[in-house]
Protein chains: 4
Amino acid sequence: MGGVKSKRVPRAVREQQMMDAAVLTFARRGYRAASMDEIAEVAGVSKPLVYLYLNSKEELFTAVIQREAAALVAAVRGAVEQGAAADRQLWSGLKGFFAHTAEHPEGWAVLHQQARTHGEPFALEVAAMRAEIIEFVTGLIGAAAREAGCDESLAEREVSGLAHALVGSAESLAEWANARPEDARPSAKETAATLMNFAWTGLGPLMGGERWAPGG
Amino acid sequence: MGGVKSKRVPRAVREQQMMDAAVLTFARRGYRAASMDEIAEVAGVSKPLVYLYLNSKEELFTAVIQREAAALVAAVRGAVEQGAAADRQLWSGLKGFFAHTAEHPEGWAVLHQQARTHGEPFALEVAAMRAEIIEFVTGLIGAAAREAGCDESLAEREVSGLAHALVGSAESLAEWANARPEDARPSAKETAATLMNFAWTGLGPLMGGERWAPGG
Amino acid sequence: MGGVKSKRVPRAVREQQMMDAAVLTFARRGYRAASMDEIAEVAGVSKPLVYLYLNSKEELFTAVIQREAAALVAAVRGAVEQGAAADRQLWSGLKGFFAHTAEHPEGWAVLHQQARTHGEPFALEVAAMRAEIIEFVTGLIGAAAREAGCDESLAEREVSGLAHALVGSAESLAEWANARPEDARPSAKETAATLMNFAWTGLGPLMGGERWAPGG
Amino acid sequence: MGGVKSKRVPRAVREQQMMDAAVLTFARRGYRAASMDEIAEVAGVSKPLVYLYLNSKEELFTAVIQREAAALVAAVRGAVEQGAAADRQLWSGLKGFFAHTAEHPEGWAVLHQQARTHGEPFALEVAAMRAEIIEFVTGLIGAAAREAGCDESLAEREVSGLAHALVGSAESLAEWANARPEDARPSAKETAATLMNFAWTGLGPLMGGERWAPGG
DNA sequence: AATGAATGAGCTTTCATTCAT
DNA sequence: GATGAATGAAAGCTCATTCAT
């Protein structure tokens, strides 16, 4: 591996190559089992160069987490139909989320599986990203409540729980979708639809035949 | 830990002590970062004894996973009100689930965070347990559909997605609840209620003021 | 392994069982790689009992070497036709030697391969046995010289070298014979004949058509 | 040992230093008892470097065996007077053999004592080298037979036995010579002469006063 | 006469990290 | 900008040996 030997590459580019290699390797082996040797080899450079640019395994991992987290948030934010109704905003955001996690399965695996399970410093990094998304969803739920004209009926705390449940189920579904064999893997749209039906309509009404549908 | 030095303990007992220590240590450090030295120390025995009884780190981890998975499944099964309506069964099962994960946070962390992220052999162990629960939930959704008189309206595949979404959101909530500071941690009942409202009623109806409530 | 569980066996018998197990295990694994655990298991007893009777791995090995060495010397001495001509004595002694090493391949392997290659204390034990045999052979060569009427013609030192060469070649042949596949393994008599032709007649005369034969 | 601290040595050189150290240590302690720690220390490097270059104890041992075997075969081949009469060829080859084993006692000990007694993979390595030499000796015996005009008189199988006996006795003598105290150690020439007298002339004729001598 | 329970010490191996060029 | 050479520290695992019964 390591592809074509390309010497004398500018620092910024090399750093990205190293982080790409790191994402792959962390996803494949797990944080601890991934060795700097393998990362360097996959990146096609010598180990000292990795240290020269990224300083240490911890810093490298942190850098990777931050890069992947930022990319994910950007993808979601970019997908949301700003100004639309709450359910439409959620729907579009979810499509963006599932599309990104499907296109970057290793990045998602690093964020969702590795970063959260290998010590506080890394977990906090992910928590920060998650907080951003939770805040966004919380806002949406509040907006939906106002749209429905039900002021005060939802306690702050209840909303927080709901937002966590929603985000959590989205994360679970993303992992589940990526783990499926390629030929049975649902599209981002399908996954988002499943979640909207589940979370917006609710199982009870669903049983009664109701469905959520992307409205006007 | 390490507690009182109790020498000459029968094998069966020592094995449980070792597995207790292992659960704690795997949860605290992660599978790879947990050292057999630390596990032995926490168990209050020498390392060779751990190897004598549990053979290797992998086997110890597997044994731990199996024990914790069995305990969790037993807790959920034991909590379900058999014969009740589908929503009541789900409600009681969820209470059992959240109660168990709250009482055994390390066991839950090992199952949810460690076992699934450190290689196929371990992940498969958890997958087997998960399959058991998914099957149960799938059955409940089917029952609910029949109760509501909506034959055929739910495709096999849609049900599977919904079951995954439900179980996934329960897992996420359990993790979230356990991660909260102790004084802000919701009770199992509260967490179960949040999830029932979210998943059974649905966000849409919820906004309209509807609530799910444990019916007669 | 370990055969039938026979409890409460007198010490002398148990010790022999243990040494049998040790011979087998040392031959199979080598001195260092043979574990006291395996020896105890093969002997069908618990490890502490081995220590109670044989004290340590070193002492066990020493005891094994001494027993096997004594048995081999006894076999050779018993086979020699006392009073016969020198070449007949050698011939009968060699037959005894090859017969014993063929019937006790593990014992021979321990003496020849293990005892000599794992430190002075053990090597000396074998050297003592070897000295006994070398002395016997040296005597035979001296006798042969007298029979042939060639006094003084053989220096002390030359005789010693010849005796070593003869014994060494016998040892090599024994190892070689035991290492052959069972169906191609020569009998003790055949091996002894090969050696007599080689060592007594000599390759030169042999080429001229001469052969050694067990004379009257 | 460990000698002068010479830092930053090219890999090829270091590898030879490590193998030198390994030969010494394996000969002194035996394969199993030799620790990688001691080998590294004798080589004057850190243990990880030994692993970096030689990969594992098994591979290191194999590399050592192959190097020493090749050196021994080269020494013998180089010493043989090609084209001379069969006995002269044998005589010169033996001198080369005993000279090499005397100059490289540790290498010889590793080949003869350690490699053959620590498991198939290593034993096969030595067997391959031995087969080369046996083949050479077999050829010589055949040539001698032709020179003496005795066609057909020697069965294939008998020749094989004789070659093994000859090589075996040479090996035994080499070991014996190296084991003697330095002041009583025979020269390579003396040892070769002893063996020629023993093996070529034969004890019987020898007793009658005949001697083998390096002919014209 | 015999054993289940237990350990100190040591081994092979790996890894994150640095130095000198 | 880039690397071959090198290591301190620790991890998983095993073994000879002993204690208490």
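Throughout, a chain's letter reflects where its sequence line sits, starting with A, and its residues are numbered from 1.
Among the protein residues, C:R11 comes within range of no part of the nucleic acid, since none of its heavy atoms lies under 4.0 Å from any strand. In this structure, A:A34 reaches the sugar-phosphate backbone alone: every heavy-atom distance under 4.0 Å involves primed, P, OP1 or OP2 atoms, never a base. Among the heavy atoms of the strands, none lies under 4.0 Å from A:P10.
Nearer to the 5' terminus of DNA chain E, by closest-nucleotide assignment, is the contact made by D:N55 (compared with the other of A:S56 and D:N55). If you find the closest nucleotide of DNA chain E to C:V50 and to A:S35, the one lying nearer the 5' end belongs to C:V50. Comparing D:A12 and C:M36 along DNA chain F, the residue whose closest nucleotide (by nearest heavy atom) sits nearer the 5' end is D:A12.
Using a 30° and 60° split on the angle between ring planes, D:F122 and D:F61 fall in the perpendicular class, above 60°.
Between D:L60 atom CG and E:dC11 atom C1' the separation is 15 Å, expressed in whole Å. Here E:dC11 presents its P atom at 14 Å from OH of D:Y31, a figure rounded to the nearest Å. Between the CD atom of D:E59 and the C1' atom of E:dT13 there is a distance of 13 Å, rounded to whole Å. Distance, B:E41 CD to F:dG12 P: 14 Å, rounded to whole Å. At whole-Å resolution of the value, CE in D:M18 and C1' in F:dT7 are 12 Å apart. A:D37 places its CG atom 15 Å from the P atom of E:dT18, with the value rounded to the nearest Å. One can place CD of B:Q16 at 15 Å from P of E:dA5, the figure rounded to the nearest angstrom. One atom, CG of C:L52, and another, P of F:dC19, lie 13 Å apart when rounded to the nearest Å.
Looking at heavy atoms from C-beta onward, D:Q17 lies in side-chain contact with D:R14 at the 4.5 angstrom threshold. In this structure the side chain of D:Y51 reaches within 4.5 angstrom of the side chain of D:M36, judged on heavy atoms.
An OP1 or OP2 oxygen of F:dA11 is reached within less than 4.0 angstrom by no side-chain nitrogen or oxygen of A:R32. Side-chain N/O atoms of B:Y51 include none lying less than 4.0 angstrom from OP1 or OP2 on F:dT14. In this structure, C:R14 reaches the E:dA2 phosphate: one of its side-chain N or O atoms is under 4.0 Å from OP1 or OP2.
Checking E:dT18, E:dT3, F:dA6 against the side-chain heavy atoms of D:S46 singles out F:dA6 as nearest. Taking the side chain of C:K57 as heavy atoms from C-beta on, and the options F:dA16, F:dT18, F:dA2, the nearest nucleotide is F:dA16. Of the listed nucleotides (E:dA2, E:dG8, F:dA2), E:dA2 has the atom at the smallest distance from the side chain of C:L49. Of the candidate nucleotides F:dT3, E:dA2, F:dC19, F:dC19 has the atom lying nearest to any side-chain atom of B:R8. Looking at the side chain of D:Y53, the nearest of the listed nucleotides E:dT7, E:dT3, F:dA5 is F:dA5.
Between A:H118 and B:H118, the ring centre distance stays below 6.0 Å.
A donor-acceptor contact under 3.5 Å links the side chain of D:K47 to the base of E:dT13.
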Does the side-chain contact (heavy atoms from CB on, under 4.5 Å) test come out yes or no for A:L111 and A:R130, once each step is laid out? CA-CA 10 Å; A:L111 287 177; A:R130 218 172 179 266; over 6 Å; no
side-chain contact (heavy atoms from CB on, under 4.5 Å), that's the test. Do D:D37 and D:K47 meet it? Break it down for me. CA-CA 6 Å; D:D37 265 298; D:K47 216 180 355 170; 3.3 Å; yes
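Nucleotide E:dA20 is matched to F:dT3 when pairs are restricted to Watson-Crick or G-U wobble geometry with both distances under 3.5 angstrom.
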